[in-house]
Amino acid sequence: MSVVVQNVTRFFGEQKALDNVSFTVSSGEIVGFLGPNGAGKTTMMRIITGFLPASSGKVLINGVDISDNNRELRKIIGYLPENNPLYPEMYVKEYLDFVASLYKMGKKKRTVINDIINITGLTPEKNKKIGELSKGYRQRVGLAQALIHNPKILILDEATSGLDPNQITEIRALIKEAGKAKTVILSTHIMQEVEAVCSRVIIIDKGIIVADKPIEKIYSLISRPVQIINVEFDKNPDGNELSKIGGVIVVKNTGSNIWQIEASPDTDIRPEIFSFAVSRNLTILSLSKREYNLEEIFRQLTK
């Protein structure tokens, strides 16, 4: 089930929230949709789900314009909004029964509700009022309502907000499993989540797409002007001698016997650092090479 976004622009008054945005997501893809606050992520998700019209452009769900066939298409979309609106006075099972009734599940409703409670880890809290739940469990209820009708398209806006590390791991596994058969668009501020779950990354800034790459190719978008080595010795070396290692650009003492070395990216200088230590009777207590990660790429593309 494909989602095709074609030249979507959205204004709020005179403010342009989205500027000619286009991308396609296919079945079996889990796409991380990233951007700083105010970049247009939530606006784009609301347009995809049919909750908000575009000022211009269109969104096609399997070739059908969401604005032309909104009610039918929304039946195959599961949506977890960022603010996760729930009814705090309702019990968990009561709320999920209400949601299931909206999709007219008939006799299979009870089985579906029990299954989704188990899948989302709500069993211990299923007989509580939603207003009595922790933020993490309320987030699970929101995820349960998004999944209850087995949608072909899953739109998740900050799906793991408020969850503890164990819950995050469980929900990530659930999203990855869902992504095998569904089209998944995941908005999050947690870069490790994107690296762990997503097969592709789209980055939006000020309403414009600034990157759209498979996760393994996203790192090619920025250059690596230097390699950065952090090394701790058992005693301090002579900084001037350290700077004479081939390829070294600058050395900096950042703590007791701890040095940060910036060098040309052309050659790995770690063997040279080991040789330097041996020749001067120094012991290396720790050595690490800094790698660019998605967070650094995000900062460079949206700064």
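Within the 4.5 Å cutoff, side-chain heavy atoms of Tyr79 are placed close to those of Pro81. Residues Val184 and Ile175 meet the side-chain proximity criterion, which asks for heavy atoms closer than 4.5 Å. Counting only heavy atoms from C-beta outward, the side chains of Glu193 and Cys198 never approach each other to under 4.5 Å.
Comment: Glu170 engages Arg140 in a salt bridge, judged by a side-chain N to carboxylate O separation of less than 4.0 angstrom. Ion pairing of Lys244 with Glu241 is absent here, as no side-chain N (NZ or NE/NH1/NH2) approaches a carboxylate O to less than 4.0 Å. Salt bridge status for Asp157 with Arg46: absent, with no side-chain N to carboxylate O gap under 4.0 Å. The residues Lys129 and Glu132 are annotated as not salt-bridged, no charged nitrogen and carboxylate oxygen being separated by less than 4.0 angstrom.
Here the straight-line distance linking atom CD1 of Ile202 with atom CE of Met44 works out to 9.5 Å at 0.5 Å rounding. Rounding to the nearest 0.5 Å gives a distance of 11.5 Å between OG1 of Thr120 and CD of Glu125.
Closest approach of Thr302 to Pro36, counting heavy atoms only: CG2-CD, 3.9 Å. Annotation for Ser2 and Ile153: closest pair O-CD1, 4.4 Å, computed over non-hydrogen atoms. Minimum interatomic distance between Leu301 and Ala211 (heavy atoms only, all atoms of both residues): CD1-CB, 3.8 Å.
For the side chain to side chain contact (heavy atoms under 4.5 Å, CB included) test with Leu73, the passing option among Ile66, Asp68, Asn62, Thr49 is Ile66; the others fail.
Checked against a 6.0 Å centroid threshold, the rings of Phe23 and Phe33 count as neighbours.
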